[in-house]
Amino acid sequence: QVQLVESGGDSVQAGGSLTLSCTASSMYKNGCMGWFRQRPQWPREGVAVILSDGTPTYRDDVAGRFTISRDNTKNTLYLQMNSLKPEDTAIYSCAAVAGYCFSIHPQDFDVWGQGTQVTVS
């Protein structure tokens, strides 16, 4: 079973940038991988997902600021985050599912990393 480990979380000022990395023991050729976050007082929500056809999709409030990508050679998923806002503060986790996904709903994913903290002030 694939295992996922996130890194890159940090404390930054509003307007700053971070790049998160998720290293996997293997990559899902026919599945979906993405980034999710859990903010204080909020349930876990999808941030950005690469669909089975390779198309990235984003939640509305990060579109244009965040970019998801993957490097299969390095077995790594990335999330480039620009123009960070205090409301982006959350624990960010990467996740995968060995199947097809049609949305960025976290309930569609079944393999999860431990999360990395992003704090924006």
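What's counted below: heavy atoms across the whole structure, side chains too, no hydrogens, waters or symmetry copies.
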Cluster check Val2, Tyr78: I/L/V/M/F/W/Y, side chain < 4.5 angstrom: no
What pair of heavy atoms forms the shortest contact from Val97 to Asp110, and how long is it? CA-OD1, 3.8 Å
Can you get from Val111 to Ile91 by hopping between Ile, Leu, Val, Met, Phe, Trp and Tyr side chains that sit under 4.5 Å apart? no
Does the Thr89 side chain pair with the main chain of Val120, one donor and one acceptor, at a distance under 3.5 Å? yes
Quick one: closest heavy-atom pair of Ala48 and Leu79, and the distance? CB-CD1, 4.1 Å
Considering all heavy atoms, the nearest Cys32-Val49 contact: CB-CG1, 4.4 Å
Give a yes or no on whether Gln117 atom CD has more than 12 heavy-atom contacts from other residues, nucleotides or ligands under 6.0 Å away. yes
Return each pair, listed once, that meets side chain to side chain donor-acceptor pair (under 3.5 Å) where at least one residue sits in residues 12-22; pairs must be two or more places apart or across chains. Ser17-Asn82
Between OG1 on residue Thr57 and CZ on residue Phe102, distance to nearest 0.5 Å: 13.5 Å
What pair of heavy atoms forms the shortest contact from Ser52 to Cys101, and how long is it? OG-N, 3.8 Å
For Trp112 and Phe36, I'd like to know if the aromatic rings sit close, meaning centre-to-centre distance below 6.0 Å. yes
If you compare all heavy atoms of Leu77 against all heavy atoms of Ser69, which two are closest, and at what distance to 0.1 Å? CD1-O, 3.3 Å
Rounded to the nearest 0.5 Å, how far apart are CD of Gln80 and CD1 of Ile68? 12.0 Å
Closest heavy-atom contact between Arg44 and Pro106? O-CG, 3.7 Å
Whether the side chain of Gln114 engages the backbone of Val5 through a donor-acceptor N/O pair (distance < 3.5 Å, no angle test) should be reported. no
Can we say Lys85 and Asp61 salt-bridge, meaning some charged N sits less than 4.0 Å from an Asp/Glu carboxylate O? no
